[in-house]
Amino acid sequence: MASEIKKIGVFTSGGDSPGMNAAIRSVVRTCAYLKIECVGIYRGYQGMIEGDFKTLDARSVNNIINKGGTILKSARCEEFRTKQGRQKAYDQLIKEGIDAFVVIGGNGSFHGAMLFHEEFNFPVMGIPGTIDNDILGTSYTLGYDTAINTVVEAVDKIRDTASSHNRLFFVEVMGRDVGHIALNAGVGAGAEEILIPEQNLGLERLLESLKRSKASGKSSSIVIVAEGDRTGKNVFELKEYVEQHLPIYDVRVSVLGHMQRGGNPTCYDRVLASRMGVKAVESLLEGKSNYMVGIRDTKLVLTPIADAIKAHTEIDEELLRVSDIMTT
Ligand code: ATP
């Protein structure tokens, strides 16, 4: 039986991440390929409530696969958290003749989509777009691979100057609730210590490790600190603490900040986005709804949104061990 879905909306929501444009392009082109209309919804749920729509065809998404950010813009929208707000959004979609939507975003955006599906029986499909890699049901979220490569590149540069002056650098990276960026980029950049939200190694252990590092003849030290690390001190307080307790060290701080969200997506993110976009549209046309497209063991899989948003992904214990061994 032919699908009842003739027009699909696509939007990006929450924090932007590299690869979102590649996913938009994929959704639009898959719709064009399958002769389904596609509508871009600007500024996430805010634009949905305001009816900020634009029809997109295959040519509307030329030359965006390589671009960071999102051509559809992203926004946070308090009104969508209310039943009245979602009703307004629903009325706008119906007015425009949109039969289903693909949301590219993180946990919060998925939560909103799930409620929307439950309240209006409206077909929704999620594509995980966040640099944090914190969503259950997928080994990779869009933008994560780009972000860890950005961090590694930045830390390599910091290492050059750290080595030249025998300095210790605390480098703060994104990750309030999860330490995937810190751990993976830390191992990739050869950091001496990695502080993540999932474990509190304690300040004593940090001092011991830095002492050992100095004694072993290392000319520089890099400590990667996730925003949500559990030492109870931010990077600037850590700098003061180490200066007080280990005056042998000349300490500097670098907060990488929003640069981690930007930049051209890596090939991995572009390919993943392309695959996820196709899967999202095809799944909607097969009558599936309220799922997130993810990747596990190189295969695309669907996970109910309700399961995807239940908790954050856990830190990789094996990589933690590797990190410990590498800092010897
Ligand atoms: P990131 O991981 O980058 O923060 P996110 O999708 O989790 O992305 P949020 O700011 O949490 O970002 O959510 C984006 C938008 O989704 C919110 O501004 C709001 O409009 C909607 N949203 C979030 N949580 C809910 C909820 N519980 N109910 C309804 N809508 C929600």
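Ligands are counted one by one from 1 in listed order, and the atoms in each one are counted from 1 as well.
- Taking the ring centroids of Phe116 and Phe101, they lie under the 6.0 Å cut-off.
- When only modelled atom types and interatomic distance are considered, Asp91 and Gln87 share a side-chain donor-acceptor pair under 3.5 Å.
- The immediate protein surroundings of ligand 1, defined as residues with any heavy atom under 4.0 Å of it, consist of Ser13, Gly14, Gly15, Tyr45, Arg76, Cys77, Phe80, Arg81, Arg86, Gly106, Asn107, Gly108, Ser109, His111, Gly112, Leu115, Thr130.
- Between Tyr90 and Phe122, the ring-plane angle classifies as perpendicular under the 30° and 60° cut-offs.
- For the pair Lys214 and Tyr249, the cation-pi test (distance below 6.0 Å, angle within 45°) is passed.
- Donor-acceptor pairing under 3.5 Å is recorded for the side chains of Ser60 and Asp57.
- In this structure, Phe170 has its ring center no closer than 6.0 Å to that of Phe236.
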